[in-house]
Amino acid sequence: MIAKPIIDIAVRVAGTDEFDVHRPSLDKAGWRVGSGVRTHPVVILERQGVRVSIAHFFDVRVSIARFFDVREWDAVHQRGLRDSLRTRPADAARYERVKIAADASAQDGRAYNAGKTDIIQQIVDRARAERGLESVRVWDK
């Protein structure tokens with residue numbers, strides 16, 4: 001999907017202590033904490049250490065890893081989004097269109113995230129309902 005060229009990785013950890021133990025190795029391998037997300041640890045791997053628009057992510061950003069506590073693993077909404085995008089072509093097409101439009105019109109990262117939140121919320125709400133889970137606000141900040 002052109003609008004999702006970055007590899008998103010969900011990592012299950014026993015707790016934040018486990019993330020802290022592995023942080024020096026992640027740093028050494030080129031990963032860096034690079035997100036305003038406060039609900040779970042996030043590290044980013046980039047080429048050249050430069051952030052750019054979606055059109056250039058293939059050249060710069062490689063991966064983002066999100067670390068989730070084992071106790072919340074089954075309810076992680078990013079996993080529901082992933083599953084829906086992989087199994088529902090219509091959702092993937094809508095998501096791609098919205099992300100491209102958000103990137104084209106956004107002046108900053110916050111505006112970009114706001115531009116895609118509604119479609120993500122819709123997809124995640126359905127995925128969670130199918131799993132018998134309540135809706136959660138998808139905005140990670």
Side-chain angles (χ1 to χ4, degrees), residues 1-23 25-141:
M1 164 183 305
I2 193 159
K4 195 74 172 133
I6 301 165
I7 298 170
D8 275 288
I9 304 165
V11 181
R12 184 175 62 185
V13 293
T16 51
D17 291 346
E18 185 177 356
F19 171 75
D20 293 338
V21 166
H22 294 289
R23 174 89 188 272
S25 296
L26 291 164
D27 290 343
K28 186 175 180 181
W31 292 85
R32 67 174 180 80
V33 172
S35 174
V37 173
R38 292 182 292 277
T39 57
H40 55 273
V42 177
V43 293
I44 297 170
L45 182 63
E46 297 174 326
R47 290 187 191 109
Q48 306 162 0
V50 178
R51 288 188 175 202
V52 295
S53 71
I54 263 184
H56 300 286
F57 276 171
F58 283 120
D59 300 328
V60 177
R61 187 170 283 180
V62 178
S63 300
I64 181 169
R66 299 169 178 272
F67 292 78
F68 299 100
D69 189 293
V70 67
R71 293 168 295 210
E72 58 191 3
W73 184 250
D74 289 337
V76 169
H77 71 264
Q78 289 87 345
R79 294 178 65 224
L81 175 65
R82 176 209 59 199
D83 293 347
S84 290
L85 295 177
R86 292 179 72 199
T87 61
R88 297 176 188 256
D91 281 353
R94 288 176 52 217
Y95 179 68
E96 183 173 62
R97 284 191 304 273
V98 167
K99 282 188 65 137
I100 290 169
D103 183 60
S105 64
Q107 299 299 314
D108 59 34
R110 188 166 180 81
Y112 167 71
N113 286 334
K116 62 185 182 132
T117 297
D118 287 344
I119 186 68
I120 293 171
Q121 188 72 60
Q122 292 169 25
I123 294 169
V124 168
D125 281 350
R126 187 181 63 233
R128 290 181 65 82
E130 289 170 352
R131 289 174 170 91
L133 301 170
E134 296 178 6
S135 175
V136 294
R137 187 169 177 247
V138 297
W139 191 270
D140 279 325
K141 311 298 183 200

Task: Residues that Glu72 engages under salt bridge (Lys or Arg N to Asp or Glu O under 4.0 Å), provided they are two or more places apart - done: none

Open item on the list: Regarding Asp125 and Gln121, do their side chains bring together a donor and an acceptor under 3.5 Å, going by distance alone?
Closed with: yes

TODO: Measure the CZ-OG1 distance between Arg137 and Thr117 for me, rounded to the nearest 0.5 Å.
DONE: 8.0 Å

TODO: Identify the heavy atoms of Ser84 and Ala127 that sit nearest to each other, and give their distance.
DONE: OG-CB, 3.7 Å

Open item on the list: Does Val136 form a side chain to side chain contact (heavy atoms under 4.5 Å, CB included) with Arg128? I'd like the steps, not just the answer.
Closed with: CA-CA 9 Å; Val136 294; Arg128 290 181 65 82; 3.5 Å; yes

Task: Inter-residue atom distance Asp103.CG - Ile100.CD1, 0.5 Å rounding - done: 8.5 Å

Task: 4.5 Å side-chain heavy-atom contact, Phe67 and His22 - done: no

Task: Spacing of CG belonging to Leu85 relative to CG belonging to Asp91, to within rounding of 0.5 Å - done: 6.5 Å

- [ ] Side-chain contact test, heavy atoms from C-beta onward, threshold under 4.5 Å: evaluate it for Lys99 versus Tyr112 and give yes or no.
- [x] yes

Task: Any residue meeting salt bridge (Lys or Arg N to Asp or Glu O under 4.0 Å) with Arg71, in chain and number order, not counting sequence neighbours - done: Asp69

- [ ] Please report the closest heavy-atom contact between Gly30 and Leu45, naming both atoms and the distance.
- [x] O-CD1, 3.5 Å

TODO: Under the side chain to side chain contact (heavy atoms under 4.5 Å, CB included) rule, collect the residues that match up with Val98, sequence neighbours excluded.
DONE: Lys116, Ile119

- [ ] Output, in order, the C-alpha distance, side-chain angles, deciding distance and verdict of salt bridge (Lys or Arg N to Asp or Glu O under 4.0 Å) for Asp83 and Arg79.
- [x] CA-CA 6 Å; Asp83 293 347; Arg79 294 178 65 224; 5.8 Å; no

Task: Steps toward side chain to side chain contact (heavy atoms under 4.5 Å, CB included) verdict (Val33, Arg23) - done: CA-CA 9 Å; Val33 172; Arg23 174 89 188 272; 3.3 Å; yes

- [ ] Taking all non-hydrogen atoms of both residues into account, name the closest pair between Trp31 and Ser63 and its distance.
- [x] CH2-CB, 3.4 Å

- [ ] Could you tell me the separation between the CZ atom of Arg126 and the CG atom of Leu81, rounded to the nearest 0.5 Å?
- [x] 10.5 Å

Open item on the list: Once rounded to the nearest 0.5 Å, what's the spacing between atom CZ of Phe68 and atom NE2 of His77?
Closed with: 7.0 Å

TODO: Taking the side chain as every heavy atom from C-beta outward, state whether Phe19 and Val11 have any atom pair closer than 4.5 Å.
DONE: no

Task: Distance, nearest 0.5 Å, that separates CZ of Arg94 from CD1 of Ile123 - done: 6.0 Å

